[in-house]
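Please read the structure below before turning to the comments.
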Amino acid sequence: MAFQVLAINPGSTSTKIALFEGKNVLLKQEISHSREEIAAFETIMAQFSFRYNLIKEALASTDTTHLAAVVGRGGLLRPMAGGTYEVNDTMQRDLEVGISGQHASNLGGLLARKIADDYAIPAYIVDPVVVDELAPIARYSGNAHIERQSIFHALNQKAVARNVAAKLGRAYEELHLIVAHLGGGISVGAHDRGRVIDVNNALDGDGPMSPERSGSLPMASFLAWAFSEGVTKEQLHTELVGRGGLVSYKGTNDLRDIERQIKDGDPEAKALFEAMAYQVAKEIGANAAVLKGQIDAIVLTGGLARSDAFIQEITQYIHWIAPIMTEPGEDEMAALNDGAQRILQKQEIAQIYNGEE
């Protein structure tokens, strides 16, 4: 049975909505917010009513009488296993206070619940970035003061893993997969029968460099540079997360710019392009070791997977490990809908968020 589901995905400068009936898209809209509009709010939570009213206006001319559920982008909650969760009071409280940090995605579950309450239907989130299924051994960092964290593109990684499983005619929970999300941030996860038992922290820590992020760095050299420059903690974080990777070297976060520069004969652009692919391949190789060589497929996804040249550059290093499947781009709205549909169709049971580590 096909259920009607509203998906909501708040970003820093937009609120995306999509109305589905089963897998069919009835309405899809991206509501853009100018920097001036967002700057008028002191906090992310203060944007709630502003975004809620815009969503209601966008839905005003659409028939939503058969709406069965509302699903929002999961925010920075406490670490949790993957799956679809009903938005309960505990989750609402943790999203409101930003228990693990402030981000526009924290509004996803809150907006979903408010609109769901208007219709007296359930609200859900699906596979937020804080999905944590790490094996105990993967938590060790090498320093007793620091534990490795699981923060990654869980929504897209889990969705494409399920898509690949369907193409292979098997259940996701049966497979051993390596999934590389290639976007502004890059995360590479070892999927062991439905659980991501190891993954680099794509937000602010380790793994390959990406268009905007530095990835793993030689720490002594980084500390020497940081202290010599006398920059603040916030400035250092920006260097790692927003001004690292391609931005640091070439001032752009767009791989297409790098490819144009390569065509124009820029040797530095070519070396940087190859280096980023090389680091992704190294991370995939590390995950092959995590899975002890038992790998059904390597999946390359995200926006950078649209670049045939980038995929070919990675493939030359990893083709011998396992079959490679490419799932270009990411459809977060469809992934949110799929998570809600599985609950409504009783293929899964909604998880309960209890707010515990």
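Basis for what follows: all heavy atoms, side chains included, without hydrogens, waters or symmetry-related copies.
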With the threshold set at 4.0 Å, does a side-chain nitrogen-carboxylate oxygen contact exist between Asp338 and Arg162? no
Non-hydrogen side-chain atoms of Gln102 and Leu76 separated by less than 4.5 Å: no
If you count every heavy atom of other residues, nucleotides or ligands that lies below 6.0 Å from Tyr172 atom OH, does the total exceed 12? yes
Can you find a side-chain donor-acceptor pair between Thr252 and Asp254 that sits under 3.5 Å? no
Would Leu155 end up clustered with Ile178 when hydrophobic side chains under 4.5 Å apart are linked, directly or stepwise? no
When you check the gap from the basic side-chain N to the acidic O, do Arg260 and Asp257 get nearer than 4.0 Å? yes
When hydrophobic residues are tied together by side-chain contacts of less than 4.5 Å, even through go-betweens, does Ile44 share a cluster with Leu77? yes
What is the distance from atom CG of Leu300 to atom CZ of Arg306, rounded to the nearest 0.5 Å? 14.0 Å
Inspect the contact between Asp296 and Arg170 and indicate whether a charged nitrogen and a carboxylate oxygen are less than 4.0 angstrom apart. yes
Can you tell me if Asp118 and Tyr52 form a side-chain donor-acceptor pair at under 3.5 Å? yes
Take a 6.0 Å sphere around CZ of Arg256 and say whether it holds more than 12 heavy atoms from other residues, nucleotides or ligands. no
Taking it one step at a time, do Asp206 and Arg213 satisfy salt bridge (charged side-chain N to carboxylate O under 4.0 Å, His left out)? CA-CA 9 Å; Asp206 52 0; Arg213 297 169 193 173; over 6 Å; no
Arg342 and Glu348 ion-paired at < 4.0 Å: yes
Output the distance between atom CE (Met80) and atom OG (Ser100), rounded to the nearest 0.5 Å. 10.0 Å
Could you check whether any side-chain heavy atom of Ile343 comes within less than 4.5 Å of a side-chain heavy atom of Ile349, counting everything from C-beta outward? no
Which residues share a ring-ring contact (aromatic ring centres under 6.0 Å, His included) with Phe310, sequence neighbours left out: Phe273
Pairwise side chain to side chain donor-acceptor pair (under 3.5 Å) hits with a residue in residues 234-243, at least two apart: Thr232-Gln235
Please list, one pair per line, the donor and acceptor atoms closer than 3.5 Å that link side chains of residues 275-282 to other protein atoms, with sequence neighbours excluded.
from, atom 1, to, atom 2, distance (Å)
Gln279, OE1, Met209, N, 2.8

Do Glu133 and Lys158 pass the salt bridge (charged side-chain N to carboxylate O under 4.0 Å, His left out) test, and can you show the C-alpha distance, the side-chain angles, and the key distance before you say yes or no? CA-CA 12 Å; Glu133 300 166 338; Lys158 292 271 189 177; 2.9 Å; yes
Could you walk me through whether Asp132 and Arg139 pass salt bridge (charged side-chain N to carboxylate O under 4.0 Å, His left out), step by step? CA-CA 10 Å; Asp132 185 346; Arg139 299 186 187 279; 2.9 Å; yes
In this structure, are over 12 heavy atoms from other groups packed under 6.0 Å from Gln4 atom CD? yes
With Tyr140, which residues qualify under ring-ring contact (aromatic ring centres under 6.0 Å, His included), at least two apart? none
For Glu42, does the CD atom have more than 12 heavy-atom neighbours from other residues, nucleotides or ligands under 6.0 Å away? no
Return yes when atom NZ of Lys250 has more than 12 non-hydrogen atoms of other residues, nucleotides or ligands closer than 6.0 Å, and no otherwise. yes
Hey, mind stepping through Asn143 and Ser141 against side chain to side chain donor-acceptor pair (under 3.5 Å) and telling me if it holds? CA-CA 6 Å; Asn143 190 293; Ser141 69; 5.8 Å; no
Between Arg73 and Glu332, does a salt bridge (charged side-chain N to carboxylate O under 4.0 Å, His left out) hold up when you go through it step by step? CA-CA 8 Å; Arg73 178 73 184 269; Glu332 295 172 336; 3.2 Å; yes
Side-chain donor-acceptor contact under 3.5 Å, Asn156 with Thr301: yes
Here the salt bridge (Lys or Arg N to Asp or Glu O under 4.0 Å) pairs for residues 319-328, sequence neighbours left out, are Lys167-Glu327
Do His33 and Ser14 pair up side chain to side chain, a donor and an acceptor below 3.5 Å, judged on atom types alone? no
Side chains of Phe3 and Glu21 in contact at under 4.5 Å (non-hydrogen atoms): no
Go through the steps for Leu27 and Leu59 under the test side-chain contact (heavy atoms from CB on, under 4.5 Å), then give the verdict. CA-CA 9 Å; Leu27 170 72; Leu59 294 172; 3.9 Å; yes
Could you verify whether a donor N or O on one side chain and an acceptor N or O on the other, from Gln157 and Ser187, lie under 3.5 Å apart? yes
Considering residues at least two apart in sequence or located in another chain, which fulfil the ring-ring contact (aromatic ring centres under 6.0 Å, His included) criterion with His103? none
Treat each ILVMFWY residue as a node, draw an edge where side-chain heavy atoms are under 4.5 Å apart, and state whether Ile324 and Tyr317 are in one component. yes
Less than 3.5 Å apart, any donor N or O on the side chain of Ser307 or Glu259 sitting next to an acceptor on the other? yes
